[in-house]
Trainee: 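Quick one: this structure, given as structure tokens, is what I'll be asking you about.
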Amino acid sequence: MEIDLGFAEKSDDGAWLSNRYFPSKLGGQPAWLELEALPPTSQLQCSKCQGPKSFLAQLYAPFDDEFNFHRSIYVFLCRNPDCQEAQSAGNFTVLRSQLPRKNKFFSEEEPSDVGEPLPAVPCPKKLCAACGCHAPHVCSKCKAIHYCSSEHQRAHWPQHKPNCGAPGAANVKPLTQIVFPEFEIVMDSNPVESGEDDKNDEARLAEFQELEASGKTGDLSNVSEAEMDKYFGNSAAADDKTFRQFKKQTAAEPDQIVRYKRGGQPLWITNTAKTVEDQLKKLPNCTTCGGSRQFEFQIMPQALTLLEDENLDWGVLAVYTCAKSCPIDGYVEELLIKQDIVEEEQS
């Protein structure tokens with residue numbers, strides 16, 4: 001079954017990551033697909049601290065049917081360290097949006113990547129100067145800058161204050177405490193021959209375990225222990241077979257930040273029985289059509305090295321979406337399961 005791997009690339013010109021070009025990206029501001037029915041501020045508000053969530057990533061993933069000609073999945077999270085809990089995605093929100101080929105926002109013709117990038121397709125809704133989400137509030141002084149929340153307005157005020165009311169006041173820079181560094185997610189197919197995947201995985205794991213037992217893991221063909229520990233370090237979870245398999249599976253492409261395998265299975269980083277098994281047993285159905293959800297993609301821990309926020313941590317972020325990707329208006333919530341590595345308590 002084919003797996004697509006996603007890698008982060010710094011873009012020379014962020015204009016290529018606007019909504020006009022249907023990007024997949026990590027960080028920056030969201031490139032909205034449906035431009036009228038934007039998610040309300042309440043939908044992107046943390047249920048614990050009530051603060052606005054930050055945009056983490058979006059993936060452009062169309063289906064082969066008319067109403068999914070354009071389709072994007074968005075992931076948001078609250079960055080407040082007090083709102084992060086092990087094995088809990090309560091501080092995350094996942095949204096699905098889709099459009100037919102013929103729609104009121106975008107041309108039916110594929111956008112050209114020749115020459116200079118064209119500007120973003122304008123949104124009829126006001127967007128927050130700080131984060132790019134729907135902005136029902138406005139600066140009471142200049143009436144030119146809009147915000148999604150009082151939190152973002154206060155955070156943005158030191159930058160906006162010197163230019164408030166002046167020409168060009170709307171030309172503002174993103175704030176690092178709100179907006180993550182922006183990268184394009186470039187997808188690359190990693191085909192696996194049907195029927196050989198499990199056999200090869202088992203053989204590789206057996207080889208790894210044999211060398212590990214003899215203290216010669218550095219001799220593993222084409223993969224050094226140092227390379228496998230590049231992101232994961234010397235964790236107590238090294239005794240976990242699932243964790244060792246995770247490291248082995250990712251060692252050939254250690255910079256992958258996304259694994260896309262719609263209808264497949266996530267590559268878990270540790271034993272699910274001790275972490276997220278209960279959540280997997282009771283996956284809620286799609287809130288729109290009532291149909292089942294399936295795994296679509298996961299965000300890897302390697303992405304953490306790019307976000308420049310030491311308060312964040314996760315093992316695997318597994319996104320589950322409506323298997324039919326049913327027709328919707330605007331944006332509908334999907335499901336995310338967050339798996340963490342938890343050190344075993346010493347008795």
Trainee: At what distance, to the nearest 0.5 angstrom, does OG of S24 lie from CE of M187?
Mentor: 6.5 Å
Trainee: Inspect the surroundings of CG in D65 and state if more than 12 heavy atoms from other residues, nucleotides or ligands are less than 6.0 Å away.
Mentor: yes
Trainee: Report whether I185 and L5 are members of the same hydrophobic cluster (ILVMFWY, side-chain heavy atoms less than 4.5 Å apart, transitive linking).
Mentor: no
Trainee: Are any of the side-chain heavy atoms of W16 and P111 separated by less than 4.5 Å?
Mentor: no
Trainee: How close do H152 and C128 get, heavy atom to heavy atom, and via which atoms?
Mentor: ND1-SG, 3.8 Å
Trainee: Looking only at non-hydrogen atoms, find the nearest pair between A135 and H146 and report the distance.
Mentor: CB-CB, 3.6 Å
Trainee: Kindly work out whether a path of hydrophobic side-chain contacts (I/L/V/M/F/W/Y, heavy atoms less than 4.5 Å apart) joins Y260 to V186.
Mentor: no
Trainee: Nearest 0.5 Å, please: how far is CH2 in W32 from OH in Y74?
Mentor: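 One gets 6.5 Å once the value is rounded to the nearest 0.5 Å.
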Trainee: Identify the residue among H156, H160, K126 that makes a side chain to side chain donor-acceptor pair (under 3.5 Å) with Y147.
Mentor: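 Going through the options one by one, the only one that passes is H156.
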Trainee: If you compare all heavy atoms of G330 against all heavy atoms of S97, which two are closest, and at what distance to 0.1 Å?
Mentor: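 In terms of heavy atoms, the two residues are closest at O-OG, 3.1 Å.
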Trainee: Hey, is the main chain of F295 close enough, under 3.5 Å, to the side chain of K261 for a donor-acceptor pair?
Mentor: no
Trainee: Might you point out which heavy atoms bring Y21 and S112 nearest each other, and give the distance in Å?
Mentor: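 Scanning both residues completely, I find the closest heavy atoms to be CE2-O, 3.4 Å.
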Trainee: Would you mind reporting whether P124 and K104 have side-chain heavy atoms less than 4.5 Å apart?
Mentor: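 They are not in contact (no side-chain heavy atoms under 4.5 Å apart), so the answer is no.
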Trainee: Transitively linked via ILVMFWY side-chain contacts under 4.5 Å: M300 with V258?
Mentor: no
Trainee: Does D12 CG have over 12 foreign heavy atoms under 6.0 Å away?
Mentor: no
Trainee: Could you tell me if the side chain of Y331 sits less than 4.5 Å from the side chain of L33, heavy atoms only?
Mentor: yes
Trainee: Could you go step by step and tell me if F105 and N19 meet the side chain to side chain contact (heavy atoms under 4.5 Å, CB included) rule?
Mentor: CA-CA 10 Å; F105 309 116; N19 61 352; over 6 Å; no
Trainee: With S325, which of R262, E334, Q98 fulfils side chain to side chain donor-acceptor pair (under 3.5 Å)?
Mentor: Q98
Trainee: Are F22 and L38 connected in the hydrophobic side-chain network, where two residues link if heavy atoms are under 4.5 Å apart?
Mentor: yes
Trainee: Has E109 got more than 12 heavy atoms of other residues, nucleotides or ligands less than 6.0 Å from its CD?
Mentor: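 Count not over threshold, so no.
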Trainee: Is the NZ or CZ atom of R79 positioned over F180's six-membered ring, under 6.0 angstrom from the centre and within 45° of the axis?
Mentor: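 Yes, cation above the ring, under 6.0 Å and within 45°.
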Trainee: Please lay out, stage by stage, how E182 and S11 fare under the test side-chain hydrogen bond (donor to acceptor under 3.5 Å, both in side chains).
Mentor: CA-CA 8 Å; E182 186 176 53; S11 176; over 6 Å; no
Trainee: Could you tell me the separation between the SG atom of C78 and the CD atom of Q84, rounded to the nearest 0.5 Å?
Mentor: 7.5 Å
Trainee: Which heavy atom of P266 sits nearest a heavy atom of Q298, and at what distance?
Mentor: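 That closest heavy-atom pairing would be CA-OE1, 3.3 Å.
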Trainee: If you define the side chain from C-beta out and look only at heavy atoms, does anything of L312 sit under 4.5 Å from L77?
Mentor: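 The answer is yes; the side chains approach within 4.5 Å.
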Trainee: Does the R96 side chain pair with the main chain of V332, one donor and one acceptor, at a distance under 3.5 Å?
Mentor: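 Checking the backbone N and O of V332 against the side chain of R96, no donor-acceptor pair under 3.5 Å is found.
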Trainee: Does any non-hydrogen side-chain atom of F55 lie less than 4.5 Å from one of C133?
Mentor: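 Not in contact.
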Trainee: Hydrogens and angles aside, do T93 and Q43 bring a side-chain donor and acceptor to less than 3.5 Å of each other?
Mentor: no
Trainee: Answer with yes or no whether the hydrophobic clustering places F183 together with L175; edges join I, L, V, M, F, W, Y residues whose side-chain heavy atoms lie under 4.5 Å apart.
Mentor: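 No; L175 is not reachable from F183 via cluster members.
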Trainee: Answer yes or no: does atom CD of E116 have more than 12 heavy-atom neighbours from other residues, nucleotides or ligands under 6.0 Å?
Mentor: no
Trainee: How far does CD1 of I328 sit from CD of E34, to the nearest 0.5 angstrom?
Mentor: 9.0 Å
Trainee: Under 3.5 Å, is there a donor-acceptor pair between the side chain of K143 and the main chain of V138?
Mentor: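 Looks like no, no N/O pair under 3.5 Å.
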Trainee: Surrounding NZ of K141 (heavy atoms of other residues, nucleotides or ligands, distance under 6.0 Å), is the total greater than 12?
Mentor: no
Trainee: Take F106 and F69, measure what side chain to side chain contact (heavy atoms under 4.5 Å, CB included) needs, and give me the verdict at the end.
Mentor: CA-CA 12 Å; F106 302 98; F69 186 83; over 6 Å; no
Trainee: Quick one: do L304 and D313 satisfy side chain to side chain contact (heavy atoms under 4.5 Å, CB included)? Show the steps, please.
Mentor: CA-CA 7 Å; L304 290 164; D313 191 26; 3.8 Å; yes
Trainee: Might you work through the side-chain hydrogen bond (donor to acceptor under 3.5 Å, both in side chains) test for N285 and S292, ending with a clear yes or no?
Mentor: CA-CA 5 Å; N285 288 344; S292 63; 5.7 Å; no
Trainee: Flag the pair R71 and E296 as a salt bridge only when some basic side-chain nitrogen lies within less than 4.0 angstrom of an acidic carboxylate oxygen.
Mentor: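 Salt bridge present between R71 and E296.
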Trainee: Return the CG to NZ distance between L267 and K248, rounded to the nearest 0.5 Å.
Mentor: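 So the gap between those two atoms works out to 12.0 Å.
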Trainee: Under 4.5 Å between any side-chain heavy atoms of I269 and Q339, yes or no?
Mentor: yes
Trainee: So for atom NZ, which belongs to K10, do other residues, nucleotides or ligands contribute more than 12 heavy atoms lying within a distance under 6.0 Å?
Mentor: yes
Trainee: Donor-acceptor pair, S54 side chain versus V179 backbone, under 3.5 Å?
Mentor: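 It does not hold such a pair.
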Trainee: What do the steps show when you test L56 against I299 for side chain to side chain contact (heavy atoms under 4.5 Å, CB included), and what is the final call?
Mentor: CA-CA 10 Å; L56 175 62; I299 298 176; 4.1 Å; yes
Trainee: Please tell me if the side chains of S149 and T41 come closer than 4.5 Å, counting only heavy atoms from C-beta onward.
Mentor: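 The answer is no; the side chains never approach within 4.5 Å.
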Trainee: Locate the shortest heavy-atom distance separating N103 from H70; write the atom from each residue and the value.
Mentor: ND2-CD2, 4.0 Å
Trainee: Measuring from S47:OG to Q50:CD, what's the distance to the nearest 0.5 Å?
Mentor: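 Spacing of OG (S47) from CD (Q50) equals 7.0 Å.
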Trainee: Is there a side-chain contact between P23 and Q58, using heavy atoms and a 4.5 Å cut-off?
Mentor: yes
